[in-house]
There are 2 protein chains.
Amino acid sequence: MLRLSKMTDYGVVVMGRLASRPDERQSAADVAANTGLPPATVGQVLKALATGGLVSGTRGAQGGYLLSRRPEAISVAEIVVALDGPVAITACVEGADDPCSVEATCLLKGSWDAVNIAIEDALKQVTLADMLAPLFQFNPPPTELREATP
Amino acid sequence: MLRLSKMTDYGVVVMGRLASRPDERQSAADVAANTGLPPATVGQVLKALATGGLVSGTRGAQGGYLLSRRPEAISVAEIVVALDGPVAITACVEGADDPCSVEATCLLKGSWDAVNIAIEDALKQVTLADMLAPLFQFNPPPTELREATP
DNA sequence: ATCTATTTGGACCAATCTACTCCTATTGGC
DNA sequence: GCCAATAGGAGTAGATTGGTCCAAATAGAT
Ligand code: FES
Ligand code: FES
């Protein structure tokens, strides 16, 4: 089904919540309460985002998470990579660890790379700010995706 | 990992094999032998492709499968849809059956649609002939993906 | 007409992955 | 020193996947 993991979906929601209060450190429990997502899972998502360098966590009392960059400077591709690992739509693209079982005899070795790069580009062109555009007006709507926003 | 199911991967390999002998009806076992894929799984893949109208199966002795269209007229998107169902990267896009659990309170309702359409377009622009281009010369290389084919 | 090869459609199972939870250690402020 | 919160890991129940198998339908050949 060409599914993106639900974690990535949550990731964007969580980032959106953080972006809505740019100067306020919010704890994982706080974010969970305001988004309606399972608290423990939100914690895990924020941990992964922190590892990826998209948010910075502060421990201790009055601690919490903060966006490490402005929403316009964060692409959806980065969120996907932080939560789901590198984009590799099949086992036959260069980045994949588990090589395709029939790559020796396969006629199409490497043919998926073009598709993979195209998808990667599509994800890179959309920023977090673009996804929040209907709510806050950060910047003009994306240029490449005019068909999607009628 | 933004994974496309392995079935789709196999689907393209199988289609490629059929395309290499355009006038010859090939049985599932035949295709399996020539691709090195598990025979029973190849049968399942061809069944799904037949249901999707991409290949036409002829039963009985000397039967087999035949491409129902020319390779240039078959997009990767069609193969993906036939084997993996409609492209819906998250549970929050319009096409998805299982609605996102927090869509009521979610701020980003519908924001994934733009990304989804962009990916769909990327898949539609690549044809089966394009994927076989390194082997046979069907037509000029894809225009939109020049970065992918240096 | 009968036989045989082959597709079709369905159900079926084992392995894997996912979403989610929980526990412990570490860190910083009060 | 104590409390609040992250960091990092392990662990589990459920869903999904890749793969197999078998009965039924169908078309060509004898
Ligand atoms: S299908 Fe994997 S290398 Fe061709
Ligand atoms: S995350 Fe599903 S509707 Fe917003």
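Below, read A as the first sequence line, B as the second, and so on, with proteins coming before strands; counting in each chain starts at 1.
Rounded to whole Å, the distance from CG on Leu46(B) to P on dG10(C) is 17 Å. dA7(D) atom P lies 11 Å from atom CG of Leu49(A), rounded to whole Å. Remark: P of dC30(C) and CD of Gln62(A) are 7 Å apart, rounded to the nearest angstrom. Between Leu66(A) atom CG and dT6(D) atom P there is a gap of 12 Å when expressed in whole angstrom units. Distance Glu24(A) CD to dA5(D) P: 13 Å, rounded to the nearest Å. The CG-P distance, from Leu18(A) to dT6(D), rounds to 11 Å in whole Å. The CG-C1' distance, from Leu83(B) to dG18(D), rounds to 13 Å in whole Å.
The side-chain contact (heavy atoms from CB on, under 4.5 Å) search around Asp30(B) returns Gln26(B), Ser27(B), Asn34(B), not counting sequence neighbours. Not a single side chain to side chain donor-acceptor pair (under 3.5 Å) links Gln44(A) to another residue, sequence neighbours left out. Contacts of Arg69(B) classified as salt bridge (Lys or Arg N to Asp or Glu O under 4.0 Å), with partners at least two apart in sequence or in another chain: Glu78(B). Annotation: salt bridge (Lys or Arg N to Asp or Glu O under 4.0 Å) contacts of Arg25(B) (sequence neighbours excluded): none. Partners of Ala48(B) by side-chain contact (heavy atoms from CB on, under 4.5 Å), not counting sequence neighbours, listed by chain and number: Leu83(B).
Residue contacts shown for Ala28(B) are limited to sugar-phosphate atoms, with no base heavy atom under 4.0 Å away.
Nucleotides of DNA chain C nearest to Thr58(A) and Ser56(B) differ in position, and the one nearer the 5' end is that of Ser56(B).
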Seminar exercise, completed: Reading nucleotides 18-27 of chain C from 5' to 3' and marking B where a protein heavy atom lies under 4.0 Å of the base, S where only the sugar-phosphate is that close, and - otherwise, the string is -BBB----BB

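The two residues Leu18(A) and Tyr65(A) come nearest to each other via the heavy atoms CD2-O, 4.0 Å.
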